[in-house]
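Okay, structure first, notes after.
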Amino acid sequence: HCRALDMPLAEIKRLMDAANGAPDTHGDIDELVDSQLQRVKARLKSLRALEKQLTALKASCDADHSSHACGILQELVAAAR
């Protein structure tokens with residue numbers, strides 16, 4: 001289930017240690033979840049920015065064109081330079 005939550009293996013091990021009664025680990029559980037939540041929020045922010053870029057790129061496309069006049073290709077080539 002932790003992998004489905006995209007938790008790193010090292011953190012899963014720490015959670016398993018805590019579940020098995022390892023000393024001094026229970027205080028870390030909230031921190032582990034908070035840390036994972038921050039990573040997820042950062043990824044969501046990055047994905048939203050990517051969505052905006054792709055939407056803008058798609059908007060530069062006119063379906064009636066040849067490949068050399070493709071707005072998407074022109075934008076990608078310009079960004080690569």
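It should be emphasised that the depicted structure is a prediction, and the values quoted were computed from it without experimental measurement.
- Taken to the nearest 0.5 Å, the CZ atom of Arg14 stands 12.5 Å off from the CD1 atom of Ile12.
- Thr55 contributes a side-chain N or O that, together with a main-chain N or O of Glu51, makes up a donor-acceptor pair within less than 3.5 Å.
- When the side chains of ILVMFWY residues are joined at heavy-atom separations under 4.5 Å, either directly or via intervening members, Leu44 and Leu37 end up in two distinct hydrophobic clusters.
- Put simply, the side chain of Met7 does not reach to within 4.5 Å of the side chain of Leu32, judged on heavy atoms.
- Two different hydrophobic clusters hold Val40 and Val33 under the rule that ILVMFWY side chains link at heavy-atom gaps under 4.5 Å.
- Residues passing the side-chain hydrogen bond (donor to acceptor under 3.5 Å, both in side chains) test with Gln36 are Arg39, sequence neighbours excluded.
- With sequence neighbours excluded, the residues forming a side-chain hydrogen bond (donor to acceptor under 3.5 Å, both in side chains) with Asp6 are Arg43, listed by chain and number.
- Contact annotation: the side chain of Asp34 never approaches that of Gln38 to less than 4.5 Å [non-hydrogen atoms, C-beta and beyond].
- At a threshold of 4.5 Å between non-hydrogen side-chain atoms, the residues Leu9 and Lys13 do not count as touching.
- Under the 4.5 Å side-chain criterion, counting only non-hydrogen atoms from C-beta, Leu15 is not in contact with Asp28.
- Two residues are said to be in side-chain contact when any heavy atoms from C-beta on lie closer than 4.5 Å; Gln53 and Leu57 fail this criterion.
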